[in-house]
Protein chains: 2
Amino acid sequence: MSQSFDIAVIGATGTVGETLVQILEERDFPVANLHLLASSESAGHSVPFRGKNVRVREVDEFDFSKVQLVFFAAGPAVTLSFAPRATAAGCSLIDLSGALPADQAPQVVPEANAEILVGLKKPFQVSSPSPSAATLAVVLAPLLGLLDLQRISLTACLAVSAQGREAVTELARQTAELLNVRPLEPAFFDRQMAFNLLAQVGTPDAQGHTLLEKRLVRELRQVMALPSLKISVTCIQAPVFFGDSFSMTLQSSSAVDLAKINAALEAAPGIELVEAGDYPTPVGDAVGQDVVYVGRVRSGIDDPAELNVWLTSDNVRKGAALNAVQVAELLIKDLL
Amino acid sequence: MSQSFDIAVIGATGTVGETLVQILEERDFPVANLHLLASSESAGHSVPFRGKNVRVREVDEFDFSKVQLVFFAAGPAVTLSFAPRATAAGCSLIDLSGALPADQAPQVVPEANAEILVGLKKPFQVSSPSPSAATLAVVLAPLLGLLDLQRISLTACLAVSAQGREAVTELARQTAELLNVRPLEPAFFDRQMAFNLLAQVGTPDAQGHTLLEKRLVRELRQVMALPSLKISVTCIQAPVFFGDSFSMTLQSSSAVDLAKINAALEAAPGIELVEAGDYPTPVGDAVGQDVVYVGRVRSGIDDPAELNVWLTSDNVRKGAALNAVQVAELLIKDLL
């Protein structure tokens, strides 16, 4: 496999884009030429790659016929504007924004539904799901065959980095102000985020669900190929910089075999199972790592048909950038 | 009701005990003489009450026949040691430690099961449940008649103050060290608590459940008089000083009437319902308040038989000290 590819990364100056470039280098992805693209405000910056600083250029002016694969790591609006141009130029794409419908660009988590790539036609269009869906799919995949799954109940405790650099800076600033007994003036968040929990990430619809929650349910159902699975989900914002964590309850129709569940998690790719008694945390375990950490695997109190699990992963790295690169690795293997 | 009572508070120097004394004063509880008691280490301190500093004395040497009512706001060991002496002296007691079995001292949350007090015999023995159970019972009470409840799924995000003053100091210290880029040396917690989430509060049993989780399930079932209700619960430790928060999913056997649910929550005592679109937080809403804040009331995505709720309350005040004082108010009304 000595072939190499010309690659573009759109949104290269964001937290996910920058990590994606870093992972391409770490994993020796066969990049011939790397084109880093961003909106006009961020163009002109540069991002390190293989010992050189690569200048970030304006996406508006980019000729997509120069590359075989493009990562969309900016917002949905950017994907909707430029994906048609990329595809028209014969360029395959991996979108991380959630902008494209599943029938056009299916959500793929390599550990869960890599087989879906085989059916796609060139130029490929693939979605890399939200960090929450990607993380959860990695853990659900090895469990599905062991349960007659009736329902999933989820509380997602999201890191502020999910909302970008401004949110990270704001949590640090608020914390410093409070510790120095200075008056708190929320800027990015609409209230105190430091030492607090916000019960809602984004604006809810008339039914009370946020876009993030609906996206998570939609993507999980698609990746797991369980279109009518009942999933209850609450996404909250925790005062954590990096690393999303999930408290998850699965209901089966009959008693869960914990020994089999543990063995399946132990054997599954992309998972680090923490031994009973101990538990994984975002900081200290998940952040900076390529695996999803799983712990507190237990049945219900008085309910053997219930399975409880705690999981945590680096939302920027494993949840987003690495998942997209793993998809790309599969695409170039036989297909691109 | 000009009668007044001689009262003792054991554990008067702890976070809950101190708040309890403060609430007795705020609510003009008819205290004749107040006796503040603690272990030998804390004896000698004093706690303010009605403009005077009341000296804290050793519980070992206390003559329980001097009082009609005693609050046990120390640990379970203290309750187990001294409750028999209090009762033998004819003194009624309210225990906040969870040490006494339900058939001896039933768990009472005035908003949920005050009627249970009527059946008790003097000297009264009542338990004030864990802050989590008290908070949840306040919110569940008005809902039970509106649902055919099949199951509750809970993630409890607990404040560090649940573990006492040392835990509060440690979160502040860790945070300051991290912001000042000094090496982190965990002391009270076994790892980094600042900007992190710990998936487990206390040591789990062989089945993976912590004492706190089992206590919560047991107490909720007792207060709601639903001994076989299925409750799945995960208690996590959040980097929040005060205020416990809960993400709760209730499953009914049929479609939930959200208008009725909202009306019931609006009308219920001890609850502040936050309007749709907004949401309550521990800091800024619940802390220092006498009510449980409820928000994000919504059915499931594609599941009308599911009810999701977010709630938050001051764990030390509403969850513990105030609940105990509310029980005492009911006891003295007709009974003591």
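The figures that follow rest on heavy atoms only: side chains count, while hydrogens, waters and symmetry mates do not.
When each of B:Gly300, B:Pro239, B:Ser299 is scored by its heavy-atom pairs under 4.5 Å with chain A, the top score falls to B:Pro239. Among the candidates B:His209, B:Glu213, B:Lys214, the residue making the largest number of heavy-atom pairs closer than 4.5 Å to chain A is B:His209. In terms of heavy-atom pairs under 4.5 angstrom with chain B, the leader among A:Ala194, A:Gly277, A:Gly243, A:Ala172 is A:Gly277.
Proximity to chain A involves both the backbone and the side chain of B:Ile301, based on heavy atoms less than 4.5 angstrom apart. Both the backbone and the side chain of B:Ala199 come within contact range of chain A, with heavy atoms under 4.5 Å apart. At a 4.5 Å heavy-atom cutoff, the contact between A:Asn196 and chain B is made by backbone and side-chain atoms alike. For B:Thr210, the parts sitting under 4.5 Å from any heavy atom of chain A are the backbone and the side chain alike. For chain B, the nearby parts of A:Thr234 are the backbone and the side chain; heavy atoms of each come within less than 4.5 Å. Only the side chain of B:Ser245 comes within less than 4.5 Å of a heavy atom of chain A; its backbone N, CA, C and O stay farther away. For a residue to count as touching a neighbouring chain, one of its non-hydrogen atoms must lie under 4.5 Å from one of that chain's; by this rule B:Arg173 does not touch chain A. Looking at B:Val233, the atoms closer than 4.5 Å to chain A (heavy atoms on both sides) sit in the backbone and in the side chain alike. For chain A, the nearby part of B:Asp285 is the side chain; its heavy atoms alone come within less than 4.5 Å. Contact annotation for A:Gln200: both backbone and side-chain heavy atoms come within less than 4.5 Å of a heavy atom of chain B. Interface remark: B:Pro204 contributes side-chain atoms only to the contact with chain A (heavy atom separation under 4.5 Å). Both the backbone and the side chain of A:Leu198 come within less than 4.5 Å of a heavy atom of chain B.
Considering only heavy atoms from C-beta on, A:Ile236 comes within 4.5 Å of B:Cys157 through its side chain. Considering only heavy atoms from C-beta on, B:Ser232 comes within 4.5 Å of A:Asn308 through its side chain.
Salt bridge absent: B:Asp302 and A:Arg218 never bring a charged side-chain N and a carboxylate O closer than 4.0 Å. Between A:Glu306 and B:Arg151 a salt bridge is recorded (basic side-chain N to carboxylate O distance below 4.0 Å). Using a 4.0 Å cut-off between charged nitrogen and carboxylate oxygen, A:Arg298 and B:Asp205 do not count as a salt-bridge pair.
Atom CD of A:Gln150 has more than 12 heavy atoms from other residues, nucleotides or ligands within 6.0 Å. Other residues, nucleotides and ligands contribute only 12 or fewer heavy atoms inside 6.0 Å of the CG atom of A:Leu211.
A:Leu197 and B:Pro282 get closest at one heavy-atom pair: O-CD, 3.6 Å. Considering all non-hydrogen atoms of both residues, B:Val283 and A:Phe195 come closest at CG2-O, 3.2 Å. Contact between B:Ser247 and A:Thr155 at its shortest, heavy atoms only, is OG-OG1, 2.8 Å.
For the atom pair B:Asp190 CG and A:Asp278 CG, the distance stands at 7.5 Å (nearest 0.5 Å).
For residues 248-256 of chain B, the interface with chain A (any heavy-atom pair closer than 4.5 Å) comprises B:Thr249, B:Gln251, sorted by residue number.
Scored by the ring pair (Phe, Tyr, Trp, His ring centres under 6.0 Å) test, B:Phe242 finds no partners at all (sequence neighbours excluded). Scored by the side-chain hydrogen bond (donor to acceptor under 3.5 Å, both in side chains) test, B:Asn262 finds no partners at all (sequence neighbours excluded). Listed by chain and residue number, B:Glu219 satisfy the side-chain hydrogen bond (donor to acceptor under 3.5 Å, both in side chains) test with B:Arg215 (two or more places apart in sequence, or in another chain).
Judged by distance alone, the side chain of B:Arg296 and the main-chain N or O of A:Gly208 form a donor-acceptor pair under 3.5 Å.
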Do A:Thr281 and B:Arg191 pass the side chain to side chain contact (heavy atoms under 4.5 Å, CB included) test, and can you show the C-alpha distance, the side-chain angles, and the key distance before you say yes or no? CA-CA 9 Å; A:Thr281 50; B:Arg191 56 191 93 184; 3.9 Å; yes
